[in-house]
Amino acid sequence: TRFKCDRSSDVCSSDLRQNMKILLIEDDEIIGDAVKSSLEKADYLVEWAKNGLEGEIALTDQHFEAIILDLGLPKKGGLDILKNLRSKKIKFPVLIISANEHFDNKILGLDLGADDYLAKPFNLQELHARLRVLIRRNNQSSEDRKSTRLNSSHTWISYAVFCLKK
């Protein structure tokens, strides 16, 4: 069972977050420990991979509600992980956190499929807020895809009627 945030607010209840698993891929011990601790205090389950290879291994056999991904990782870079993830059509929301705030890297990360980008140093409350938004949007789009599949003939007819009326 996947748990969702309440669509009417940005806040996920503690009961729902207890089962939300987040993958943190971050090599910096201080940042990683702070992010992991703050997310666990907010009742998320956090798996912390301390290099790119560990992160990629974790992605092979587990489901995550979201991924927090550093770019400058040892053993395998964050952009390579992101490319591989998206080439396999894995749609977990990805929030990049990086000290490299050069404009081109932000654009490249977003173009490769990241859902958001947060430059280091960052406020942990902002990280939490962005994470809640990504999870909520992902859950809403999953529900939208399900309803579109269930009502695909109605959707097509509605679209055709809309086009004809114009």
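Only this structure's heavy atoms are used, side chains among them; waters, hydrogens and symmetry mates stay out. The structure presented is a predicted model; accordingly, all values stated were derived computationally and were not measured.
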Minimum side-chain heavy-atom gap F92-N138 below 4.5 Å: no

Any I97 side-chain heavy atom under 4.5 Å of Y117 side chain: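 Counting from C-beta outward, I97 and Y117 never come under 4.5 Å.
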
Considering only NZ, NE, NH1 and NH2 on the basic side and carboxylate oxygens on the acidic side, decide whether [X] and [Y] come within less than 4.0 Å.
X	Y	value
R86	D115	yes
R132	E65	no
E47	K21	yes

Supply the atom-to-atom distance [X] [atom1] to [Y] [atom2], rounded to the nearest 0.5 angstrom.
X	Y	atom1	atom2	result
L95	F122	CG	CZ	8.0 Å
K36	D33	NZ	CG	8.0 Å
S98	K120	OG	NZ	6.0 Å
L131	Y44	CG	OH	5.0 Å
L45	E40	CG	CD	8.0 Å
I31	I68	CD1	CD1	12.0 Å

For [X] and [Y], which heavy atoms make the closest approach, and how far apart are they?
X	Y	answer
G113	L82	C-CD1, 4.1 Å
L53	K76	N-CB, 4.1 Å
L23	A58	CD1-CB, 4.0 Å
L79	G109	CD2-CA, 3.8 Å
E56	D80	OE2-O, 4.5 Å
P74	N51	O-CB, 3.4 Å

Can any side-chain N or O of [X] pair as donor or acceptor with the backbone N or O of [Y] at less than 3.5 Å?
X	Y	result
W48	E26	yes
S37	A34	no
D27	L73	no

Working for side chain to side chain contact (heavy atoms under 4.5 Å, CB included), residues I67 and I25: CA-CA 8 Å; I67 301 164; I25 309 175; 4.1 Å; yes

Common cluster, L124/L39, ILVMFWY with side-chain heavy-atom separation under 4.5 Å: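 Per the 4.5 Å side-chain linkage, L124 and L39 are co-clustered.
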
Reference residue I81; test side chain to side chain contact (heavy atoms under 4.5 Å, CB included); the match among L71, L69, L112: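 Checked L71, L69, L112 against I81; only one passes side chain to side chain contact (heavy atoms under 4.5 Å, CB included): L69.
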
Residue pair I22, I135: steps toward the side chain to side chain contact (heavy atoms under 4.5 Å, CB included) verdict: CA-CA 10 Å; I22 307 298; I135 292 169; 4.0 Å; yes

Verdict with reasoning, L118 to I96, per side chain to side chain contact (heavy atoms under 4.5 Å, CB included): CA-CA 6 Å; L118 191 57; I96 291 176; over 6 Å; no

K50 and E29: CA distance, side-chain angles, deciding distance, salt bridge (charged side-chain N to carboxylate O under 4.0 Å, His left out) verdict: CA-CA 8 Å; K50 297 180 181 181; E29 289 286 331; 3.5 Å; yes

